[in-house]
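Presented below is the structure to which this report refers.
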Amino acid sequence: MSQYTLPKTYNFKTVEERLYEWWESNDYFKPRIEPGRQPYVISIPPPNVTGELHLGHAMFVAMEDLMIRYSRMRGIPTLWVPGTDHAGIATQLQVEKHLQEEEGITREELGREAFIERAWAWKAKYGGIITEQLRRLGASCDWDRERFTLDEGLSRAVREAFVRLYEKGLIYRGTYLINWSPGLRTAVSDLEVEYREEQGTLYYFKYPVTDSDEFIPVATTRPETILGDTAVAIHPNDERYRHLVGKTCRVPILNRSIPIIQDSYVDLEFGTGALKITPGHDQADYEIGQRHDLQVINVLNPDATMNANAGPYKGLDRYECRERLWADMQASGMTIKTEPYVLQVPCTQRGGEVVEPMVSTQWFVRMEPLAKPALEVVRRGDIQIVPERFTKVYYNWLENIRDWCISRQLWWGHRIPAWHCADCSEITVAREDPERCLHCGSTEIEQDPDVLDTWFSSGLWPFSTLGWPDDTEDLDYFYPTAMMETGYDILFFWVARMIMMGLEFTGQSPFHIIYLHGLVRDEQGRKMSKTLGNVIDPLEVMDEFGTDALRFSLLTGSTPGNDMSLGIQRVQANRNFANKLWNAGRLVLMGLEKAPDKLSDALEPTEADRWIKARLKLLMRDVDRLFSSHQYAEAGRQMYEFFWGEFADWYLEIAKLQLNAGGDRAWLTAETLVSVLDTCLRLLHPFIPYVTEELWGHLKHACQHHPAGYGPEDGWEEALIVARWPQPISWSEDDERAIERFTLIMDLVRAIRNLRVEKGVEPARRIAAIINSGDLTDLISAQRQAIAVLAGLDPEQLQVHESLETPPSDSVPLVVGSIEVYLPLAQMFDIDVERLRLTKELEAVKAQIKRLEDLLAGPFSERAPADVVQKERMKLSLLKETAIKLAGQLGVIG
RNA sequence: GGGCGGUUAGCUCAGUUGGUUAGAGCGCUGCGUUGACAUCGCAGAGGUCGUUGGUUCGAGUCCAAUACCGCCCA
């Protein structure tokens with residue numbers, strides 16, 4: 001009876017939570033500070049504090065936890081700093097919605113202070129959910145260092161940063177054209193605006209020239225903006241209207257007089273070739289207006305209704321105004337025509353509601369001086385972006401950067417530390433709340449009502465979370481961080497800004513590698529959205545298949561910077577992999593019991609032992625190479641294939657035999673099993689931490705309770721999470737040969753299996769076989785038992801000969817390389833069928849020979865490297881042997 | 001308008017610095033249940049690597065052009 005009766009199926013439900021708590025309570029997530037030693041640090045991309053877990057979170061947690069666990073196992077002081085983001089707009093909207101639903105009141109009715117209190121209460125209530133969910137994913141963050149963008153320390157950092165930038169003249173307040181969201185009643189930055197294609201209309205109408213019967217035909221997609229026009233522009237080369245330049249025309253309905261100007265921005269081909277200029281509500285027009293010193297007229301209220309400048313249309317919603325105005329113009333004969341037109345409608349990234357360009361007084365960050373050093377650090381390689389192609393995207397954005405509108409007319413966020421003086425109208429910006437105006441000493445000062453863009457505080461994240469602006473031990477030791485791992489969709493929003501802020505405030509790049517993962521999509525490659533109903537909830541997936549299965553799917557299914565499709569079937573397959581690991585582990589544990597206490601004599605490893613160890617070495621080497629080039633997915637896939645396709649499918653089958661042989665053979669086999677399994681668990685741990693830790697614990701326990709004392713040379717570590725990462729071991733010729741020799745055995749076994757199936761031999765039936773193995777007789781004889789078991793042969797009736805003078809009759813012949821095999825399946829032997837089969841095979845081999853001979857006769861043998869040529873020569877000679885054997889067998893059949 | 005990515009098996013995707021008859025998972029077909037695992041095993045079918053041209057002894061891989069799909073920026 002086994003001492004370790006593990007269940008037949010891996011049950012993640014009884015494992016995950018227990019292990020996570022065990023890891024956390026043993027402080028395995030906490031780094032030791034080892035002065036002089038370079039630590040490995042990742043700052044988590046902080047999720048929205050009241051957000052819900054989605055696959056994007058699962059993706060970054062899986063990736064980062066992989067990197068963190070790998071680093072930790074390598075013995076490097078490793079820190080993953082967790083935290084959450086206050087997410088200004090998102091959270092405020094949630095709280096507002098809740099307020100409306102539960103109490104039927106608006107935030108304005110509640111008042112600013114009370115509202116902020118509610119928001120904090122909301123955060124207190126729901127803020128822990130997301131971090132709990134990150135734990136569930138196995139995130140090995142140091143939770144004692146958890147931060148929140150709106151906590152006291154970070155608020156101080158934000159304030160310090162703001163004041164410094166202001167003092168340097170990099171923050172300014174001014175009245176410019178910005179993106180206004182009427183729905184949210186706040187300004188948003190350029191980045192937060194997305195363009196949506198919509199079917200719209202292009203309206204053609206007449207701009208009457210003052211004191212003349214002439215008119216200029218003009219086209220617009222937004223007729224309501226006519227009310228804010230302050231010029232009509234034509235191209236300098238445009239002959240048609242040249243004579244009108246310098247004259248004025250009259251705004252329809254309002255009859256305001258506006259100039260006719262020339263500007264090369266005007267596209268001669270578009271519309272009528274003349275452009276109405278609305279500096280108050282269009283970016284391009286705004287710039288033209290600046291060039292020509294045009295008046296800026298705002299016709300909109302903050303809620304997107306028309307204001308007094310719209311004259312008779314005052315109070316109407318903008319779309320209603322559009323219709324009415326057009327109808328009025330039609331009535332007075334000023335319209336020409338309309339035609340369908342596809343518009344690019346600006347919308348907010350969040351709500352999706354239409355954004356109106358509008359002139360407004362806001363706070364801005366001057367970006368160019370910050371962008372320059374940020375470009376420089378990437379150019380000189382201090383920061384490397386993976387995949388590399390995003391470097392170009394990054395350059396392009398920074399080289400064409402525009403000033404950043406950082407003020408938001410919200411309540412939930414970092415309040416701008418600026419006070420306006422009622423007496424002198426000057427602004428006081430200060431680290432501590434001032435009592436009086438810095439300019440005139442007046443006490444009649446009031447703090448600016450706006451808060452900062454959420455991304456302003458996120459930009460400080462890698463150092464603010466470590467204590468900046470204070471000179472803390474953490475900041476000193478852990479900063480700059482090593483890796484910034486996140487989705488490419490926030491390269492500008494977040495990553496670029498962190499680099500700029502990091503350089504500005506700390507003088508150092510905040511991290512050295514940027515690894516950008518792709519976005520997770522559904523099986524058809526579509527974005528997941530609630531409206532499409534194709535959202536996969538990671539929590540449900542984990543409930544059904546376990547965390548490891550989800551992690552492994554995300555980690556092996558994606559390549560850097562490329563989107564991935566996640567299918568549930570893939571997760572299921574990986575759940576099966578966890579189970580495969582588990583059962584292979586069970587077999588090893590049971591095998592241990594068959595091993596004697598100690599080795600009685602020196603004993604050579606078997607061919608299979610040598611092979612699996614050599615293959616494992618190759619795997620370690622590949623994994624090392626792949627990890628260092630950030631090809632984590634490929635590394636994971638190779639581990640999977642090695643474990644399942646080689647260790648489980650082949651070695652374990654042979655190991656059963658070797659264990660049953662008992663004695664020293666069993667002892668040595670158990671040792672190999674333990675060693676290979678142990679190494680595999682170490683390699684796989686960063687990918688699938690739970691099942692590996694659990695199984696490793698059993699393995700360790702079993703080994704420690706076995707008198708043989710199997711285990712790693714330096715003994716078993718406390719836990720897999722802190723166990724040593726396997727180091728690639730040197731490669732030798734012997735390893736090469738071990739792989740070649742065993743590969744031949746596998747080929748032989750496979751060939752026999754194929755033939756069995758082809759001949760319809762029942763799987764359970766043991767059949768006889770005669771092998772003529774020539775030079776390889778030593779190898780084949782030594783492996784006869786293994787071959788017999790794997791190929792379903794009867795060991796009693798398995799003959800291995802070095803040469804065979806008279807081949808057996810009535811036997812099905814086959815050739816593997818230079819080895820001949822005869823399966824005496826008399827009743828299934830059909831001479832015609834065999835002849836045909838052998839002839840076909842011979843033809844195929846001959847074709848191969850021809851191909852290689854041609855190749856070697858050509859320039860290949862002179863131009864290609866010697867080892868490549870040699871390889872082909874070897875292949876050719878083996879094929880020739882095969883051909884001879886096949887021809888011989890055909891001759892026998894007659 | 002500028003830039004980027006994708007196009008490989010029925011589906012979802014891998015594929016080192018170019019090395020010579022292209023891989024995985026799922027799906028499909030056939031067979032198989034007394035001891036690691038049916039969340040499994042054995043075997044099989046299935047691909048002119050979008051198209052065209054080029055470089056090379058050799059191209060899925062490098063270059064150029066082109067088509068389609070998608071993304072980003074303006």
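Every heavy atom of this structure was used, including side-chain atoms; hydrogens, water molecules and symmetry mates were not. Predicted, not measured: the structure shown is a model, and the values here were computed from it.
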*With the side chain of A:Pro865 defined as its heavy atoms from C-beta on, choose the nearest nucleotide among B:G41, B:G19, B:A14.*
B:G19
_Regarding A:Glu388, tell me which of base, sugar-phosphate or nothing describes its non-hydrogen contacts under 4.0 Å with the strands shown._
nothing
Show me the protein contacts with nucleotides 4-9 of chain B, counting only N or O atoms at under 3.5 Å.
{"unit_1": "B:C4", "atom_1": "OP1", "unit_2": "A:Lys392", "atom_2": "NZ", "d": "2.7"}

*Is the count of non-hydrogen atoms from other residues, nucleotides or ligands lying under 6.0 Å from A:Lys846 atom NZ greater than 12?*
no
*Using a cut-off of 4.0 Å on non-hydrogen atoms, how would the nucleic acid contact of A:Glu862 be classed: base, sugar-phosphate, or nothing?*
nothing
*asked:* In this structure, which stretches of RNA chain B are paired as stems of three or more consecutive Watson-Crick or G-U pairs, both distances less than 3.5 Å?
replied: B:1-7 with B:67-73, B:10-13 with B:23-26, B:28-32 with B:40-44, B:50-54 with B:62-66
*A:Phe545 CZ - B:C26 C1' separation (whole Å)*: 12 Å
*Taking atom P of B:G35 as reference, at what distance in whole Å does atom CG of A:Asn583 sit?*
12 Å
*Does the side chain of A:Trp650 get closer than 4.0 angstrom to OP1 or OP2 of B:G41 through an N or O atom?*
no
*asked:* What is the separation between atom CZ on A:Arg756 and atom P on B:G44, rounded to the nearest whole Å?
replied: 14 Å
*Please report, rounded to the nearest Å, how far the C1' atom of B:C13 is from the CD atom of A:Glu641.*
13 Å
*Sugar-phosphate only, base, or nothing, as touched by A:Thr559 at under 4.0 Å among non-hydrogen atoms*: sugar-phosphate
*Could you tell me whether A:Arg753 contacts a base, only the sugar-phosphate backbone, or nothing, with contacts defined as non-hydrogen atoms closer than 4.0 Å?*
sugar-phosphate
*Full working for side chain to side chain contact (heavy atoms under 4.5 Å, CB included) between A:Arg837 and A:Glu758*: CA-CA 11 Å; A:Arg837 186 173 58 80; A:Glu758 210 176 296; 3.3 Å; yes
*Going by modelled atom types, is there a donor-acceptor pair between the base of B:A14 and the side chain of A:Gln638 at under 3.5 Å?*
no
*For A:Ala864, answer base if it contacts any base atom (sugar-phosphate contacts may also be present), sugar-phosphate if it contacts only those atoms, and nothing otherwise; contact means non-hydrogen atoms under 4.0 Å.*
base
*Round to a whole Å and report the spacing from CD of A:Gln572 to P of B:C37.*
20 Å
*Classify the side chain of A:Lys656 versus the base of B:A36 as yes if they form a donor-acceptor pair under 3.5 Å and no if they do not.*
yes
*Look at all strands and tell whether A:Arg750 reaches a base, only sugar-phosphate, or nothing, counting heavy atoms closer than 4.0 Å.*
sugar-phosphate
*Between atom CG in A:Asp563 and atom P in B:C71, what is the gap in whole Å?*
10 Å
*Counting side-chain heavy atoms from C-beta on, which of B:A43, B:A36, B:G19 comes nearest to A:Val757?*
B:A43
*P gap between B:U29 and B:G15, integer Å*: 30 Å
_Return the CG to OG1 distance between A:Asp609 and A:Thr669, rounded to the nearest 0.5 Å._
5.5 Å
*With nearest nucleotides of RNA chain B determined for A:Ser861 and A:Phe492 from heavy-atom distances, which residue corresponds to the more 5′ nucleotide?*
A:Ser861
*Just compare B:A36, B:C31, B:C37 and give me whichever is closest to any side-chain atom of A:Ala584.*
B:A36
_Selected nucleotide, minimal atom distance to A:Ala573 side chain, candidates B:G41, B:A14, B:C26_ = B:C26
_How many whole angstroms separate atom CZ of A:Arg402 from atom P of B:A74?_
6 Å
*Verify the neighbour count for atom OH of A:Tyr265: are there more than 12 heavy atoms of other residues, nucleotides or ligands below 6.0 Å?*
no
*Side-chain heavy atoms of A:Glu834 within contact of A:Leu814, under 4.5 Å*: no
*Could you work out the separation of B:G60 and B:U51 based on their P atoms and round it to a whole Å?*
11 Å
*For nucleotides B:G1 and B:C62, find the distance between their C1' atoms and express it as a whole number of Å.*
29 Å
*Rounded to the nearest Å, what distance is computed from the CD atom of residue A:Glu399 to the P atom of nucleotide B:C73?*
16 Å
_Contact nearer the 5' end of RNA chain B, comparing A:Leu191 with A:Leu652_ = A:Leu652
*Taking everything shown except A:Glu388 itself, do over 12 heavy atoms lie less than 6.0 Å from its CD?*
no
*Flag yes if more than 12 heavy atoms outside A:Gln785 fall under 6.0 Å of its CD atom; otherwise flag no.*
no
*Of the candidate nucleotides B:C13, B:U39, B:G44, which contains the atom at the shortest distance from the side chain of A:Thr9?*
B:U39
*Do A:Phe12 and A:Tyr690 have ring centroids that are under 6.0 Å from one another?*
no
_Passing candidate, side-chain contact (heavy atoms from CB on, under 4.5 Å) with A:Val789, options A:Val749, A:Ile654, A:Leu657_ = A:Leu657
*Using a 4.0 Å heavy-atom cut-off across all strands, classify A:Lys8 as base, sugar-phosphate, or nothing.*
sugar-phosphate
*State whether A:Trp650 and A:Arg615 meet the cation-pi test: NZ (Lys) or CZ (Arg) under 6.0 Å from the six-membered ring centroid, and within 45° of the perpendicular axis.*
no
*asked:* Below the 4.0 Å mark, does B:C40 have OP1 or OP2 next to a side-chain nitrogen or oxygen of A:Asn579?
replied: no
*Could you check whether A:Tyr10 gets within reach of a base, just the sugar-phosphate, or nothing at all, counting any heavy atom under 4.0 Å?*
nothing
*Crowded around A:Glu853 CD? As in, over 12 foreign heavy atoms under 6.0 Å?*
yes
*Compare the minimum distances between each of B:U12, B:A36, B:U39 and the side chain of A:Asn576, then state the nucleotide with the smallest one.*
B:U39
*Look at all strands and tell whether A:Ala648 reaches a base, only sugar-phosphate, or nothing, counting heavy atoms closer than 4.0 Å.*
base
_Tell me which pairs pass ring-ring contact (aromatic ring centres under 6.0 Å, His included) where either residue lies in residues 554-592 of chain A, with sequence neighbours left out._
A:Tyr10-A:Trp582, A:Phe552-A:Phe577, A:Phe577-A:Tyr640, A:Trp582-A:His698
